[in-house]
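Below you'll find the structure, written out as structure tokens, and then a few comments.
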Amino acid sequence: MNALSTASEPAVGSGHGAYNVDSRMPRTERVTSRVIVYRSIDSTNIEAGRLLQDGTLQLNDDSVVAIAADTQSAGRGRLDHAWVSRPGESFAVTFVTAVPRWLALDASVNGWLQMIAGLAAVDGLRGAMRECGAQSIATVNDDADGAGFMLKWPNDVFLGGHKLGGILSQMASLPVGSMTEGYNDDNKGADRIAIIFGIGLNLAIDAEYLPTAQSTSLQLHYAPLPDAESLRDIIAAGIVESLRARLRGFAADPHRQAQDLRDEVEKICYTLGRHAVAHYVDGSEMEGEAVALNADASLDLRTADGIVHTIRTADVGVLPKPCV
């Protein structure tokens, strides 16, 4: 491991090159090719990139590797927003897999890769609540049309009209030869690309300690819940199973699957029909009503002058009412 990883304190590993410690995520270990858990790390996404490049992570056609941390000191969200986690409060897990290079680079469909991660997160959360027997509780004032797990375009998980967590998706080149068994090309890795999905969720943060007034925590909405470590394991295992199945189907027929994904996301998209503001990396903003989710996963925003603008890369916030 290179010098950049000195801030990382490995706690657990499983699979190829495993640490010689008992697993702390046994359910996830049963459904994935490898699990790595750290007590403390700078960022699980950054670590995923390091492990890919130094060859520590070996992928096959159906691999999903999970990298988790109890705490992160330099976690980042979309547009480089900071995201800090503390022990027992948050879900900080990165999922690493590989997809065909042509799929990752096809602008007509690759926007759905991040949406697939969002849907997998919702699947994992819903499945965990069912398994735990957790029921919705009334400690927060959930708005009727924002109740339940939803996705705010393009990368946030919402619950009860507030942000429960976010997803950071990144691509990384695979070193030639990094694809293992189950992959038959002599130039292993050359025609596939790694996708790194970092998922952060607030699990057990008291209301007075939430980072913003727009955020929330799972324990404010559902009870009873198991301890944070067990809950992380249950959710992560569900995400792995959903992510693997969804990506497999998407790679087999991306354009047909894109329509199905569009229909599915529209039903739980918190952004659609609401007044929203798009924040661009250059500091500019655009305000309007989110009116449509497109075939390529982009979002249409209609401004006050009636012009419809297509948003492909921006951080989109939902406003309580139009600003004048």
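Counting only distance, with no hydrogens or angles, the side chain of Asn155 and the backbone of Ile167 share a donor-acceptor pair below 3.5 Å. Panel note: side chain Trp153, backbone Ser298; no donor-acceptor pair is recorded below 3.5 Å. Between the Gln219 side chain and the Leu225 main chain, no donor and acceptor come within less than 3.5 Å of each other. Remark: the backbone N or O of Ala104 is paired with a side-chain donor or acceptor of Asn110 at under 3.5 angstrom.
Scanning for side chain to side chain donor-acceptor pair (under 3.5 Å) contacts around Asp253 gives an empty result, with sequence neighbours left out. For Asp62, the side chain to side chain donor-acceptor pair (under 3.5 Å) partners at least two apart in sequence or on another chain are Arg248.
You'll find the side chain of Ile239 stays beyond 4.5 Å of the side chain of Val93, heavy atoms only. Residues Tyr38 and Glu47 have side chains in contact (heavy-atom distance under 4.5 Å, counting atoms from C-beta outward). Residues Thr97 and Leu59 are not in side-chain contact: their nearest non-hydrogen atoms beyond the backbone lie 4.5 Å or more apart.
For Asp233 and Thr28, the side-chain atoms include at least one donor-acceptor pair closer than 3.5 Å. Side chain to side chain, Asp282 and Ser284 meet the donor-acceptor criterion of an N or O pair below 3.5 Å.
The pair Asp260-Arg246 fails the salt-bridge criterion, with no side-chain N (NZ, NE, NH1 or NH2) lying under 4.0 Å from an Asp/Glu carboxylate O.
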